[in-house]
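Computed from a predicted model, the values in this text were never measured in an experiment. Proteins get letters first, then strands, A, B, ... in listed order; numbering begins at 1 in each.
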There are 2 protein chains.
Amino acid sequence: MGRPSVKAERTEEILNAFERCVARYGVEGTSLERIAEESGLRRSLLRYYIGNRDEMVEALADRFIARTEGYFRELEAELPEENRIGAMIDHWFTPYEPEDSTTLVAEALIASAERYPVVQGKLRDWYDRLVGYFAAAISADYPDVDKDRCWMVALGIVSIFFNHDSMGSLGLPSRYGKASAEAARLLASTLG
Amino acid sequence: MGRPSVKAERTEEILNAFERCVARYGVEGTSLERIAEESGLRRSLLRYYIGNRDEMVEALADRFIARTEGYFRELEAELPEENRIGAMIDHWFTPYEPEDSTTLVAEALIASAERYPVVQGKLRDWYDRLVGYFAAAISADYPDVDKDRCWMVALGIVSIFFNHDSMGSLGLPSRYGKASAEAARLLASTLG
DNA sequence: CTGATACTTGTCAGATTTGACAATAAATCA
DNA sequence: TGATTTATTGTCAAATCTGACAAGTATCAG
């Protein structure tokens, strides 16, 4: 009974707007006022549905983590039997799409992590699992190679991927993107 | 004639304070008020010596670029005859020093680059030269290897270095730092 | 001492941001 | 209809931030 709740939709709208702002201005550079404008809702509603500033940041980080984990599990299920790491690199180093700001958001959240200890811990665990996914794919491709060595190569590939994407805001020529992917593949090839 | 100028010193103090703030709160998250507090000077003095917000950011970027370029030229002069890239990796992947926030500042400036077109261009050129320094060292070590391939490996190493440092704010265990350096060396070793 | 130059303090108005809450509107069901 | 639950609007006060500028102070050369 009572009026039906639109909390789920509104929360999505708000966090979408927040995410767009974060990709452009960073976490600290995004005011609640701006999120309200970007989402087309009153600032009071952000407060009503999510809460104050700290709770907004935490909600964004939680959703971001859950979503990217979802991507990874999906991709994992679609991975071929052989050359898994090659497929992962192909997938993650596809040409830069301006509307996908996943890595920018990740970088922004990580950069502000020291101000939000709870978020910091969650992101640290998230990053650890992320490297773990790559390491698992590599280990499946090279079952005879030492696990630590696979993990080290996975970390290198993830690093190259992150950096490649965050430098996107500098407007670098496309040869950077190609060379990044190539470097990641080269790193993986050292295990064969 | 007239009172002797302390512009050089004051400018340094102000930019030092700005840099400390940027490493902690990002460019957009740092107010002039906070810089004033951090530097122990009145906000009016920031305005007097450097200017408004945009000019402060540009001054910080200019100094940052000049300083890191200086580091690179210095290091270049001290490089050994052989295994230059190994020496560079050893130098740049030394254990994380909390007081050195060079990479954090770089990431923060890059993240906010889209808001400051002039700074964006300067940082793009800076990043390009940075990769160039690594590529030159690699080419010197492996004169028979194709220049493009050397450049690609250099980009990979720089990416790993940047990422390794910016993830420092997550408080990752030390094995991450070691593995990053190892991955960079592994990448370089593919050319031999 | 005097003038010239540079530094420093203090203050203002306007704008923005935030947390808080009262009041009102809308939708559902009994 | 009327009770109930949820959504939405509007408004406040306090704090902060910014650009601008007036007024005063310190140091040096001559």
Separation of C:dT9 atom P from B:L41 atom CG, nearest Å, is 8 Å
Under 4.0 Å between a side-chain N/O of B:R10 and OP1 or OP2 of C:dC7, yes or no? no
With a cut-off of less than 4.0 Å, is there a side-chain N or O of B:Y49 near OP1 or OP2 of C:dA6? no
Look at the rings of B:Y71 and B:W92 and say which category their plane angle falls in: under 30° parallel, 30 to 60° tilted, over 60° perpendicular. tilted
Between CZ of B:R42 and P of D:dC17 the distance, given in whole Å, is 16 Å
Within 45° of the ring axis of A:Y25 and under 6.0 Å from its six-membered ring centre, is that where the NZ or CZ of A:R34 lies?
-> yes
A:I157 and A:F93 have their tightest heavy-atom pair at O-CZ, 4.3 Å
* Would you mind checking if B:R175 and A:D128 are paired as a salt bridge, meaning a charged N to carboxylate O distance below 4.0 Å? => yes
- Thinking salt bridges, do A:E37 and A:R43 make one under a 4.0 Å N-O criterion? no
B:L45 atom CG is separated from D:dT25 atom C1', nearest whole Å, by 13 Å
Taking only the side-chain nitrogens and oxygens of B:Y48, find out if one of them lies under 4.0 Å from OP1 or OP2 of C:dA6. no
Taken to the nearest whole Å, CD1/A:I35 to P/C:dT17 is 11 Å
Where do N or O atoms of nucleotides 18-24 of chain D meet protein N or O atoms at under 3.5 Å, pair by pair?
unit_1: D:dT18; atom_1: OP1; unit_2: B:R53; atom_2: NH1; d: 3.4
unit_1: D:dT18; atom_1: OP2; unit_2: B:L32; atom_2: N; d: 2.7
unit_1: D:dT18; atom_1: O4; unit_2: B:R43; atom_2: NH2; d: 3.3
unit_1: D:dG19; atom_1: N7; unit_2: B:R43; atom_2: NH1; d: 2.9
unit_1: D:dG19; atom_1: O6; unit_2: B:R43; atom_2: NH2; d: 2.7
unit_1: D:dA20; atom_1: OP2; unit_2: B:R47; atom_2: NH2; d: 2.3

To the nearest angstrom, the CD-C1' distance between B:E9 and C:dA6 comes to 13 Å
Between CG of B:L46 and P of C:dG10 the distance, given in whole Å, is 15 Å
Taking every heavy atom of A:E82 against every heavy atom of A:D141, the minimum-distance pair comes out as C-OD1, 4.0 Å
